[in-house]
Amino acid sequence: MATFELYRRSTIGMCLTDTLDDMVSSGALSPELAIQVLVQFDKSMTSALEHQVKSKVTVKGHLHTYRFCDNVWTFILRDATFKNEEMTETINKVKIVACDSKLLEAKEE
């Protein structure tokens, strides 16, 4: 399964990376094993979001900046409102990164 490394910049991904760095520095883990853990993390996050998340969210806000580079869209929204069936939340500033999942299919071949 091919994956993007997007989720490594999430809070949980950063914590995992920091922990793995500490373990490698202390000699408790080899660098090769730490890389394997990160690759498995990428696969697990991609699979979980694809197969286990069923909710839908609508997003409205003021588009501050957008960029399309290397088949990756990046949007920065101000005063963004996220709404699902259960709740509505407004965020002052949010960055959304979107990748075309068809690119993963090309990597698998």
Side-chain angles (χ1 to χ4, degrees):
M1 169 197 286
T3 59
F4 292 116
E5 296 177 4
L6 285 176
Y7 309 113
R8 293 184 191 183
R9 301 226 20 217
S10 66
T11 302
I12 191 170
M14 296 292 280
C15 289
L16 175 62
T17 302
D18 290 345
T19 302
L20 291 171
D21 286 345
D22 290 346
M23 293 176 78
V24 169
S25 295
S26 70
L29 200 65
S30 70
E32 295 80 16
L33 187 54
I35 290 170
Q36 287 180 347
V37 169
L38 285 173
V39 169
Q40 184 58 51
F41 171 76
D42 297 336
K43 290 178 182 180
S44 297
M45 286 295 293
T46 300
S47 177
L49 290 172
E50 182 178 353
H51 299 293
Q52 296 178 10
V53 176
K54 302 297 182 204
S55 62
K56 294 184 180 183
V57 175
T58 58
V59 180
K60 291 184 181 180
H62 300 284
L63 183 60
H64 180 266
T65 308
Y66 68 94
R67 180 181 321 135
F68 182 70
C69 182
D70 295 332
N71 291 311
V72 176
W73 280 103
T74 303
F75 302 95
I76 297 180
L77 303 174
R78 301 278 179 151
D79 301 320
T81 302
F82 291 79
K83 183 177 181 181
N84 68 5
E85 304 84 28
E86 300 169 7
M87 63 184 287
T88 301
E89 186 75 32
T90 301
I91 309 294
N92 181 33
K93 182 179 176 184
V94 66
K95 179 179 180 180
I96 298 173
V97 179
C99 301
D100 189 349
S101 64
K102 292 176 186 163
L103 296 174
L104 292 177
E105 294 169 5
K107 280 185 177 180
E108 289 178 5
E109 296 171 354

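Bear in mind the structure is a predicted one, so any value in this text is a computation, not a measurement.
- To the nearest 0.5 Å, atom OH of residue Y7 and atom OG1 of residue T46 are 5.0 Å apart.
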Residues 11-31, side-chain donor-acceptor partners within the protein, below 3.5 Å, at least two apart:
unit_1 : atom_1 : unit_2 : atom_2 : d
T17    : OG1    : G13    : O      : 2.8
T19    : OG1    : C15    : O      : 2.9
S25    : OG     : D21    : O      : 2.9
S26    : OG     : D22    : O      : 3.3
S26    : OG     : M23    : O      : 3.1
S30    : OG     : L33    : N      : 3.1

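- Scored by the side chain to side chain donor-acceptor pair (under 3.5 Å) test, Q40 finds S44 as partners (sequence neighbours excluded).
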Table please: side-chain donor-acceptor pairs of residues 59-67 below 3.5 Å, with sequence neighbours left out.
none

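- Residues that satisfy the side chain to side chain donor-acceptor pair (under 3.5 Å) test with R9, not counting sequence neighbours, are absent from this structure.
- Listed by first then second residue, pairs satisfying ring-ring contact (aromatic ring centres under 6.0 Å, His included) with a partner in residues 24-47 number zero, not counting sequence neighbours.
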Atom pairs and distances, donor-acceptor, side-chain atoms in residues 74-85, under 3.5 Å, two or more places apart:
unit_1 : atom_1 : unit_2 : atom_2 : d
T81    : OG1    : T90    : OG1    : 3.4
N84    : OD1    : E86    : N      : 2.9
N84    : OD1    : M87    : N      : 2.8

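- Following chains of ILVMFWY side-chain contacts shorter than 4.5 Å, one can reach V57 starting from I91, so the two form part of one hydrophobic cluster.
- With values rounded to the nearest 0.5 angstrom, K43 atom NZ is found 12.5 Å from L38 atom CG.
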